[in-house]
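Heads up: the structure comes next, in structure tokens.
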Number of protein chains: 2
Amino acid sequence: MAAPRRTQQERSASTRARLVDAAFACLLDGGYAATTLGAVQQRAGVARGTLLHHFPTRTALMLGVLDDIAGRRLAVLAAAPSGSAGPADWDALVDLVWDDLRSPAFSAALELWVAARTDAELRAALVPVQERLFGTVHRSVTALVGDADPRVPTLVQFSIDLLTGSRLAGLLEERAGTPAIVERWRRALPLLAAAPDLL
Amino acid sequence: MAAPRRTQQERSASTRARLVDAAFACLLDGGYAATTLGAVQQRAGVARGTLLHHFPTRTALMLGVLDDIAGRRLAVLAAAPSGSAGPADWDALVDLVWDDLRSPAFSAALELWVAARTDAELRAALVPVQERLFGTVHRSVTALVGDADPRVPTLVQFSIDLLTGSRLAGLLEERAGTPAIVERWRRALPLLAAAPDLL
DNA sequence: TACAAAACAGTCCGATCGGACGGTATGTCG
DNA sequence: CGACATACCGTCCGATCGGACTGTTTTGTA
């Protein structure tokens, strides 16, 4: 063993991380239903009892994954360059959102999301996270573009929703036209930003 | 019994329909995982053997539901008024898509969709249906708007994707700002349609 | 009216699920 | 160093899953 001495906190955190990572991986390539205690346990190289020690129920494990995903997405946003005070950088906005949507985290989050629709406990935990995430995304992305214009929030929401829908349509199989759509939306954004009579 | 005489085909079709409806309902309020043979059987008021007689496997049952959903959505599109040759009716486009997205069929389809990401057999059956559906939606909706302008397909795709993303965000809990976003997109569409330099 | 086929019914089975539990090793602190 | 807490481990259990199976009723045909 290369780790001769580790504090309890280190041991615990390390195992927890391994479990969350394993669950995330299971979620990604097997979906919510296939993310069973056995599969996660095996993937993490950990005994059954260990898993249930850190996460007393399956839902608790899912919430752990959720926190992890949310944390990572928030970290990405925090690392994004905040408003350069220059002209609204719509390209950067599209890049930021689009990259996020194409990350594995989105697929895993989608699994949890859809599962939460019919699982009260999961939904109860997911809704606040979602709101916090939406709020932060919106704030972070608005900072990228500037908020002098009252139309900015609307255009940001347009972009998020449009790209999300686009990503969802390409979930099963890459849609041929998607890159073109994203590219055209890039060009459409400044037009709308300049349009005088858009509320 | 009010049905004194029914041909085999009628009986069979009726039971099949009951099974599909029951599976659809299960999918809707329990999700994919909770749509078990037992639940469907019980909901349809049918014995186990009957279910497996009509649908030899669970996946076959899901494919039955898929066909049903696809058929209904296609029927709605077929019933939509085709191009009145008047000026592009963007409002009708938004209505058509938005109504479809808010129907229960969308939630059920989403369950199948997400499940298909990690289920090869389901995906193999879903991808062609999806393409046919997308194509028909696009064609039907384009007919509603007219295709004189080469920018129309892009704007149609923009609308579908944007509304889809908006709907997804409101899946767990109605997002407060969603109606406003839809309303603003209604106003944005003609602006983009009139913009000269949008490819 | 006799009979084959198809719809329908109910029971059974191996596999697997989430989770409970008691026991062991490993850090932590008086 | 000894008592304690916490991380880790492996086995067991009731419930439930998908689906195989055999028998019964209903229907169309000869």
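Throughout, protein chains are lettered first and strands after them, A, B, ... in sequence-line order, and every chain is numbered starting at 1. Keep in mind that this is a model prediction, so the values were computed, not measured. Values reported hereafter were calculated over all heavy atoms of this structure, with side chains retained and with hydrogens, waters and symmetry mates removed.
- Residue pairs satisfying the side-chain hydrogen bond (donor to acceptor under 3.5 Å, both in side chains) criterion with at least one member in residues 56-67 of chain A, sequence neighbours excluded, are absent.
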Report all interatomic pairs (protein N or O, nucleotide N or O of nucleotides 19-23 of chain C) with separations under 3.5 Å.
unit_1: C/dG19; atom_1: OP2; unit_2: A/Arg58; atom_2: N; d: 2.6
unit_1: C/dG19; atom_1: N7; unit_2: A/Arg48; atom_2: NE; d: 3.3
unit_1: C/dG19; atom_1: N7; unit_2: A/Arg48; atom_2: NH2; d: 3.3

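- Across residues 107-119 of chain A, not one residue has a non-hydrogen atom less than 4.0 Å from an atom of DNA chain D.
- Taking atom NE2 of B/His54 as the reference point, atom P of D/dG19 lies 17 Å away to the nearest angstrom.
- Among C/dC8, C/dC17, D/dA7, the nucleotide with an atom closest to any side-chain atom of A/Thr36 is C/dC17.
- Scanning for ring-ring contact (aromatic ring centres under 6.0 Å, His included) contacts around A/Phe158 gives B/Trp185, with sequence neighbours left out.
- Sequence neighbours left out, not one pair with a member in residues 57-80 of chain A passes ring pair (Phe, Tyr, Trp, His ring centres under 6.0 Å).
- Note: CD (B/Gln41) to P (D/dC17) measures 10 Å, nearest angstrom.
- Under the salt bridge (Lys or Arg N to Asp or Glu O under 4.0 Å) criterion, B/Arg175 pairs with A/Asp161, not counting sequence neighbours.
- If you measure from atom CG of A/Leu51 to atom P of C/dC17, you get 13 Å, rounded to the nearest angstrom.
- Contacts between residues 19-27 of chain A and DNA chain C, counted as heavy-atom distances below 4.0 Å, involve no residue at all.
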Exercise. Go through the steps for A/Leu93 and A/Trp90 under the test side-chain contact (heavy atoms from CB on, under 4.5 Å), then give the verdict.
Key: CA-CA 5 Å; A/Leu93 156 69; A/Trp90 296 107; 3.4 Å; yes

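- With sequence neighbours left out, A/Asp95 forms a salt bridge (Lys or Arg N to Asp or Glu O under 4.0 Å) with A/Arg186.
- Distance NE2 (A/His53) to C1' (C/dG18): 18 Å, rounded to an integer number of Å.
- In terms of the salt bridge (Lys or Arg N to Asp or Glu O under 4.0 Å) criterion, B/Arg16 has no residue partners (sequence neighbours excluded).
- Using a 4.5 Å cut-off on side-chain heavy atoms (C-beta onward), A/Leu168 and B/Leu110 make contact.
- The side-chain hydrogen bond (donor to acceptor under 3.5 Å, both in side chains) pairs that include a residue from residues 104-128 of chain A are A/Glu111-B/Arg117, A/Arg117-B/Glu111, where partners are two or more places apart or lie in different chains.
- Rounded to 10 degrees, the angle separating the terminal helix axes of the helix from C/dT1-D/dA30 to C/dG30-D/dC1, each built from five base pairs, is 10°.
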Table please: side-chain donor-acceptor pairs of residues 41-54 of chain A below 3.5 Å, with sequence neighbours left out.
unit_1: A/Gln41; atom_1: OE1; unit_2: A/Arg48; atom_2: N; d: 2.8
unit_1: A/Arg43; atom_1: NH2; unit_2: A/Asp29; atom_2: OD2; d: 3.2

